[in-house]
Amino acid sequence: MSIENKLKERVSYHSGVKAEDVSSEMYLEGDLGITGDDAFELIEDIQKLFDLDLTEFDFSLHFVPEAGGIKNSENGYYPVSVGHLIEVCNRKSWFLPDRDLENHQKFKRALLVQNVLGSVHTN
């Protein structure tokens with residue numbers, strides 16, 4: 001089985017999306033809903049499966065933590081796509097995805113909506 005197919009199976013397992021519906025253009029967090037602990041578990045899973053060097057991987061650049069809020073002002077600028085993970089697996093080591101200003105702006109809007117809705121529910 002190819003690296004791409006193995007990776008899509010792992011993404012499918014962690015997202016609940018059928019492997020045949022997972023495309024390389026999909027973002028883990030934005031399109032597949034893989035964030036927080038789920039994202040950490042997926043990265044850990046593929047590290048073991050593909051024997052990856054992840055010394056350059058910084059979770060706070062790519063994913064929202066399960067709790068505790070955003071700790072890195074660069075969060076949202078470097079979204080991880082399935083295609084990026086395929087390339088990481090081919091290279092056997094982590095490298096930074098392309099910076100994406102549009103994704104960061106969507107990320108900030110989503111956080112603002114989440115904060116507004118959270119404050120409405122607590123009042």
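In this chain, numbering begins with 1 at the start of the sequence shown. The structure displayed is predicted, hence computed values, not measured ones.
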Rounded to the nearest 0.5 Å, how far does CD of Glu29 lie from OG of Ser15? 13.5 Å
Name all residues meeting the side-chain hydrogen bond (donor to acceptor under 3.5 Å, both in side chains) criterion together with Glu25; count only those two or more places apart in sequence or in a different chain, and write none if there are none. Ser23
Does Glu9 form a side-chain contact (heavy atoms from CB on, under 4.5 Å) with Met1? I'd like the steps, not just the answer. CA-CA 11 Å; Glu9 280 189 1; Met1 184 181 293; 3.2 Å; yes
Asp53 meets the side-chain hydrogen bond (donor to acceptor under 3.5 Å, both in side chains) criterion, sequence neighbours left out, with Thr55
Is there a side-chain contact between Leu61 and Leu96 in this structure, where contact means two heavy atoms from C-beta onward sitting under 4.5 Å apart? yes
Minimum side-chain heavy-atom gap Leu42-Arg10 below 4.5 Å: yes
Pairing residues for Glu44 by the side-chain hydrogen bond (donor to acceptor under 3.5 Å, both in side chains) criterion, not counting sequence neighbours: none
Tell me if the CD atom of Glu20 is crowded by more than 12 foreign heavy atoms within 6.0 Å. yes
So do Asp45 and Phe50 actually touch side chain to side chain, heavy atoms under 4.5 Å? no
Mind checking whether Ile86 and Ser24 have side chains closer than 4.5 Å, heavy atoms only? yes
Spatial distance of atom CE (Met26) from atom NZ (Lys8) [nearest 0.5 Å]: 9.5 Å
Could you tell me whether the side chain of Val17 reaches within less than 4.5 Å of the side chain of Ser12, counting heavy atoms only? no
I'd like to know whether His14 forms a side-chain contact (heavy atoms from CB on, under 4.5 Å) with Asp38, so could you lay out the CA-CA distance, the side-chain angles of the two residues, the decisive distance to 0.1 Å, and finally the verdict. CA-CA 7 Å; His14 287 276; Asp38 296 331; 5.7 Å; no
pair Pro97-His62: side-chain heavy atoms closer than 4.5 Å: yes
Kindly indicate whether the side chain of Leu85, heavy atoms from C-beta on, has any atom under 4.5 Å from the side chain of Leu28. yes
Just wondering, are more than 12 heavy atoms of other shown residues or ligands nearer than 6.0 Å to NZ in Lys48? no
Hey, could you give me the CG/OG distance between Asp51 and Ser93, rounded to the nearest 0.5 Å? 11.5 Å
When hydrophobic residues are tied together by side-chain contacts of less than 4.5 Å, even through go-betweens, does Ile34 share a cluster with Tyr13? no
Under the ring-ring contact (aromatic ring centres under 6.0 Å, His included) rule, what do His84 and Phe95 come out as? Steps first, then yes or no, please. CA-CA 9 Å; His84 181 76; Phe95 66 98; 4.4 Å; yes
One should read off an interatomic distance between Tyr78 OH and Ser60 OG, to the nearest 0.5 angstrom, of 11.5 Å
Do Leu7 and Leu54 belong together in a cluster built from hydrophobic side chains that touch within less than 4.5 Å? yes
Do Val82 and Leu32 make a side-chain contact, defined as non-hydrogen atoms from C-beta onward lying under 4.5 Å apart? yes
Measure the CG-OG distance between Asp31 and Ser81 for me, rounded to the nearest 0.5 Å. 9.5 Å
Aromatic ring pairing Phe63/Phe57, orientation class (parallel under 30°, perpendicular over 60°, tilted between): tilted
